[in-house]
Enquirer: 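Before I ask anything, let me first share the structure, which is written out below as C-alpha cells.
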Amino acid sequence: MDKITVSDARRVEAVGRSVRLQGWVRTRRDSKGGFSFIELNDGSCQGNVQVVAPGELPNYEAVVKHLHTGASVSIDGEVKASPAKGQATEVHATHVELLGDADPETYQLQKKGHSMEFLRGIAHLRPRTNTFGAVARLRNQISKSIHDFFQERGFLYVHTPIITASDCEGAGELFRVTTIDPDAPPKAEGKVDYTKDFFGKPAFLTVSGQLQAETFACGLGKVYTFGPTFRAENSNTPRHLAEFWMVEPEMAFFDLTDNMDLAEAFIKRIIADALARCPEDMKFFQERIDKDLLTRLEGVMKTPFRRLPYTEAVDILLASGKAWEYPVAWGKDLQSEHERYLAEQHFKCPVILYDYPRTLKPFYMRCNDDGKTVRAMDVLVPGVGEIIGGSQREERLEILEGRMREQGLHPEGYQWYLDLRRYGTVPHAGFGLGLERTVLFLSGMGNIRDVIPFPRTPGSAEF
Ligand code: ATP
Ligand code: MN
C-alpha cells in the first residue's frame, strides 16, 4: 500500500496499484445502486480524483454516507481505469476513514462560487479552493523559475538584510523598526532619542535589497536577491501591497541594453515554464479567470519587447487623444492608465521604456549626457502595467555625490556605497521584478491581494 497524491492517482500509469489517498472531500454523491462517489482533492493538482465507495464498507451507513464537503479523509483502495468521461482513473475504496468532519452548518466553503472579497476574509481557508490552489502552485513554479533562470546563468543568490539602518531613499514609504516604548520614548532636546534605540540609530524594514546587492555584484559579478520587501505607501490599489516579494538581479559589467536583454529573457522564461509545468492550472485561469490569457502570454513569448525612450512614450500618449485621469506631460510620472495604454492598446506587447527624466528617478541611476535623463528602464506588460523597474547604476563618484545632494540626501550617510565607486568602480546594472505582479500577469487575476497568501495593505494585516 503506497501513499500517493491525487495528482499521481489521476495518471493512467497508476491503474492497478493499491494506494492510500489523504485529502479533503470536495463533494459526495450517493448513487441509487447503494454506493457513493467522493470527489477528493489534496492540493497536489487542480483536478480531483473520483473515489467509488461501495455500500459493503463496514462504515458505509454510519460514516461514508455522511461525509461533508471539507471533511478530511484517509482512503485505501485500488486505482482502476475509469469508464467516465474526462478522467483517466478512479479509485475503488476498500477502507474509508474520517479524520475530521466539517460541519455543513458553519463551514464557510460549503458552497462554491464565493467572491474574491469574501474569500479574502477567510484567507486561512481559501487554500482549499480551486482558484487559490492554482495561484499557490503557479506562485511556487514562478519562484522555482526565478532560481533556475539565474542559477543556470551563473548568478549567485545573496541574502540582503530585511532591517536597514541607512537613511535610505523614499523616507515616506518606510516602516520603522524600533524597540522604543511608544508611550515613554527617551527624549533629547524635545525629540525622540534614537541613539537609545536598539540599533543606536533609526532603523527600517527594507524597501529594496539593491544597494546591498550592488556590493556583492561589485566583487562577485552577477548576483540576485529574492525576498520580502516593505513599503508603507498608502496606495490602496489592486497592484500595491505593503509587504511583497521582489527579485533583484545586479550585474557588474552590464549596461542598460544588457539589462533589458536579461529582463526580457527572464520574463519569457517564466512564462514558458509556467505553460510547460502548470498546464492544468493555466488552463483553469484561461477558462475561469481571463479568456484572453493564453493568447496573450503566447504572444508575449513570441514577440520582441518594444523598447522606446520615455520621451517618445509621452509623445504617443499626448497624441492619443485620450482623456486621462492623470494628465500627461514630459517630466511627470506615468500612471498605471498610461502604462497599460502603451502595452495593451498602442503596442499590444510588453514595452520597455527607458531614459526617464532625472527628477523622477532615484540618485543611483546613471546620468545621460543630455543632462536631463537617466538610464532607467521600466518593463510594462499588458494587464498589469509596470512589472519591472531597473537601471544602469551611476558608477562615477563625483556625479553620484552630486545626484545625492540634488535629491537632498547626505553623501556622509552612504560612505560604504560610495566606496564601490572609490575603489575599482565598474559599470553595472540591475532591476527589480515584483513577484506578485508577475503572478497577476501570468494568472490574469485582477487583484494583488489574491496572489499572496496573507496580504498586508493599509488598514489590514489579518491572519
Ligand atoms: P509603482 O510605480 O507601480 O508603485 P515602483 O516604481 O514604486 O512601482 P520599483 O520601486 O521600481 O516600483 O519596484 C520594482 C518592482 O517591484 C515594480 O516594478 C513592481 O513589480 C514591484 N512593486 C513595487 N511596489 C510594489 C508594491 N507596493 N506592491 C507590489 N509590488 C510592488
Ligand atoms: Mn511604488
Side-chain angles (χ1 to χ4, degrees), residues 139 142-143 146 160 164 168-175 205-211 213 224-250 256 259-260 262-264 266-267 270 305 310 313 326 332-340 342-343 350-354 356-357 359-365 374-393 407 429-443 445-461:
R139 189 180 163 110
I142 293 172
S143 305
I146 288 169
T160 49
T164 59
C168 215
E169 22 155 2
E173 295 189 353
L174 295 168
F175 286 104
L205 293 178
T206 185
V207 294
S208 156
Q210 178 205 318
L211 302 193
Y224 68 108
T225 169
F226 181 24
T229 312
F230 307 87
R231 297 198 184 169
E233 52 192 343
N234 204 0
S235 25
N236 244 316
T237 79
R239 286 175 186 75
H240 288 90
L241 291 162
E243 176 181 300
F244 64 98
W245 282 63
M246 186 153 63
V247 51
E248 295 175 277
E250 190 70 35
L256 193 69
N259 208 22
M260 290 184 195
L262 186 78
E264 181 168 340
F266 182 41
I267 290 176
I270 291 173
F305 292 9
Y310 164 92
Y326 296 90
K332 278 205 160 115
D333 222 347
L334 298 183
Q335 301 296 323
S336 181
E337 56 172 339
H338 311 128
E339 297 174 346
R340 293 186 58 177
L342 292 168
V351 177
I352 309 183
L353 293 188
Y354 61 93
Y356 279 73
T359 48
L360 288 182
K361 294 290 184 185
F363 69 91
Y364 50 72
M365 298 192 176
V374 290
R375 301 246 83 188
M377 62 172 222
D378 279 4
V379 180
L380 320 175
V381 295
V384 175
E386 184 191 327
I387 196 166
I388 282 181
S391 67
Q392 185 173 336
R393 318 306 188 191
Q407 301 205 345
F431 61 81
L433 170 95
L435 177 64
E436 289 74 18
R437 298 230 183 133
T438 310
V439 183
L440 281 181
F441 177 48
L442 266 80
S443 63
M445 294 285 286
N447 194 312
I448 200 163
R449 293 168 175 82
D450 301 327
V451 297
I452 187 164
F454 298 101
R456 273 84 181 90
T457 51
S460 168

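Counting starts at 1 for both ligands and their atoms, following the listed order.
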Enquirer: If you measure every N or O of Gly434 against every N or O of ligand 1, does any of those distances drop under 3.5 Å?
Expert: yes
Enquirer: With Ile267 as reference, evaluate Leu262, Thr438, Val379, Leu442 under the side chain to side chain contact (heavy atoms under 4.5 Å, CB included) test and give the passing residue.
Expert: Val379
Enquirer: What are the two closest heavy atoms between Pro357 and Val374, and how far apart are they?
Expert: O-CG2, 4.3 Å
Enquirer: May I ask you to list the atoms of ligand 1 that are less than 4.0 angstrom from any heavy atom of Arg239?
Expert: 28 (N), 29 (C)
Enquirer: Any N/O of His240 closer than 3.5 Å to an N/O of ligand 1?
Expert: yes
Enquirer: Does the plane of the ring in Phe230 sit parallel, tilted or perpendicular to the ring in Phe175? Use 30° and 60° as the thresholds.
Expert: perpendicular
Enquirer: Surrounding OH of Tyr326 (heavy atoms of other residues, nucleotides or ligands, distance under 6.0 Å), is the total greater than 12?
Expert: no
Enquirer: Polar-atom distance check: Phe244 versus ligand 1, any N or O pair below 3.5 Å?
Expert: no
Enquirer: Going by the atom numbers of ligand 1, which of them fall below 4.0 Å from some non-hydrogen atom of Gly389?
Expert: 11 (O), 18 (O)
Enquirer: Closer than 4.0 Å to some heavy atom of Glu233 - which atoms of ligand 1 meet that?
Expert: 24 (N), 26 (C), 27 (N)
Enquirer: Output yes when a side-chain donor or acceptor of Arg139 lies under 3.5 Å from a complementary backbone atom of Val439, and no otherwise.
Expert: no
Enquirer: Below 4.0 angstrom from a heavy atom of Gly432, which ligand 1 atoms are there? Numbered from 1 as shown, please.
Expert: 14 (C), 15 (C)
Enquirer: Any atoms of ligand 1 less than 4.0 Å from a non-hydrogen atom of Ile448? List them with their elements.
Expert: 29 (C)
Enquirer: Could you label the plane-to-plane angle of the Phe266 and Phe431 rings as parallel, tilted or perpendicular, counting under 30° as parallel and over 60° as perpendicular?
Expert: tilted
Enquirer: Judged by non-hydrogen atoms, does Met246 sit under 4.0 Å from ligand 1?
Expert: yes
Enquirer: Between Glu173 and Val207 (side chain of the first, backbone of the second, donor and acceptor by atom type, cut-off under 3.5 Å), is there such a pair?
Expert: no
